[in-house]
Amino acid sequence: MPRPTTIEINLSALRNNAMVARSVAGGAKVMAAVKANAYGHGLIPCSRALEEVVDGLAVAICEEGITLREAGVTKPILILEGPFDAGDVQALSEHNLAPVLHAPHQLELLEHAGAALPSQVWVKVDTGMHRLGYAPEEVPATIARLKKRGVSHVVATSHLADGEDPSAEVTDRQLLRWRSLAPQLEADAASFANSAGLINALAPECEWVRPGIMLYGAAHAPLAGDSTLEPVMTFQSQVMALRSIPSGESVGYGGRWVAARPSRIATVPVGYGDGYPRSARDGTPVWVGGEICPLAGRVSMDMITVDVTDCPGCEVGTPIELWGRHLPVNEVATAADTIGYELLTRMTDRTPRAWRT
Ligand SMILES: *Cc1c(COP(=O)(O)O)cnc(C)c1O
């Protein structure tokens, strides 16, 4: 019998979440973010499942867009970081990919390629995140230039720096700049909201929304109303060994966890070599056959240890969930000083995955 550690990807939950995003977005078109291997869930199976429910797929780089086209995806594909070089510009036209342009040198790359410009181009406006994007005052002329060159669908877009905190001051500044710019633009459409913008209803109404994390059921907060988002990834295993240790004995590398009472420790064959975070503190929740038990001791490359003293039914073979349908990934992330996005996207290939329709 192989190691029982597996990753299950629930594609019907993914589709359900996309329908929920669609309904929260009102009439807006949905550009689903599937960058970074669909947030670690598998680029191609997830994109195939989403294609039926959304209006387009967003990836970070051309290579990801080409992979999707080669897999037969026909929906619009948006390249969020736009072209890096002339080879990327070539790939845009060859594979019918729509770029986001964030700086003048990218438009020059497109113009110097000699071919027709893509029929759809997004222009990124830096409203206050200050990572990428044209300064607001550069945007009207940039869009006018694209329209003059025959681009038929120009989308003005911006990204929230702190959408998860509804009272963040940076959001006010971003919205103010966006609202004063919008009337000057000849764009055909606009796009502001990511998942947090949609969930917190922060963004102005736009023709396109760009949800990512909510599609995978790992948003920072629940939705208002009756709709629920279901976790798509379940990371699971089973207890491989159990031992009783007297108080005063330590468990695992560095002796970080010390038994304060006679304790039962379950060892589980999953570790940072699979993507379970080494930064997880003692007490990080682990689902053990229906109960939440605390992680006890440092995460090893191939194993973790869990204090199951208060879970007397636990035995070798008891099912374990690291995160997923019973335990939100964000709870584990918080206990490991990170965010669900990071845990999901850095799963390793060692763990077998199964995609369930
Ligand atoms: C990743 C990304 C999104 C999706 O963000 P979520 O927080 O996952 O909803 C939207 N827009 C841009 C520009 C992105 O890079």
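Since the structure is predicted, the reported quantities are computational estimates derived from the model, not experimental observations. When a ligand or atom number is given, it counts from 1 through the structure's own listing order.
Each of R278, R3, R350 was checked for a salt bridge (charged side-chain N to carboxylate O under 4.0 Å, His left out) with D302, and the lone residue meeting it is R350.
Given atom 7 (O) of ligand 1, the protein heavy atom at minimum distance is Y341 OH, 2.6 Å. For atom 12 (C) of ligand 1, the closest heavy atom belonging to the protein is H159 CE1, 3.5 Å. The shortest contact between atom 9 (O) of ligand 1 and any protein heavy atom is with S195 OG, 2.5 Å.
Heavy atoms of M31 stay at 4.0 angstrom or farther from ligand 1.
Listed by number with element, the atoms of ligand 1 under 4.0 Å from a non-hydrogen atom of L80 are 13 (C), 14 (C), 15 (O). Of all the atoms in ligand 1, the ones that sit under 4.0 Å from a non-hydrogen atom of I213 are 6 (P), 8 (O), 9 (O). In summary, the atoms of ligand 1 found under 4.0 Å from a heavy atom of K124, numbered by their order in the structure, are 13 (C). For ligand 1, the atoms sitting less than 4.0 Å from at least one non-hydrogen atom of Y39 are 1 (C), 4 (C), 5 (O), 6 (P), 8 (O), numbered in the order shown with element in parentheses.
We find that D310 and R264 are not joined by a salt bridge, their nearest charged nitrogen and carboxylate oxygen being 4.0 Å or further apart. The pair D307-R261 meets the salt-bridge criterion, with a side-chain N (NZ, NE, NH1 or NH2) lying under 4.0 Å from an Asp/Glu carboxylate O. E8 has no carboxylate O lying under 4.0 Å from a charged side-chain N of R353, or vice versa, which leaves the two without a salt bridge.
A perpendicular orientation is assigned to the rings of F192 and W178, their planes being inclined by more than 60° (bins at 30° and 60°).
Side-chain N or O atoms of T334 include one that pairs as donor or acceptor with a backbone N or O of N330 at under 3.5 Å.
Residue E164 does not touch ligand 1, judged by heavy-atom distances below 4.0 Å.
Scanning R210, K35, H220 for the heavy atom closest to atom 15 (O) of ligand 1 points to K35.
With no hydrogens or angles considered, no side-chain donor-acceptor pair links S195 and R210 at under 3.5 Å.
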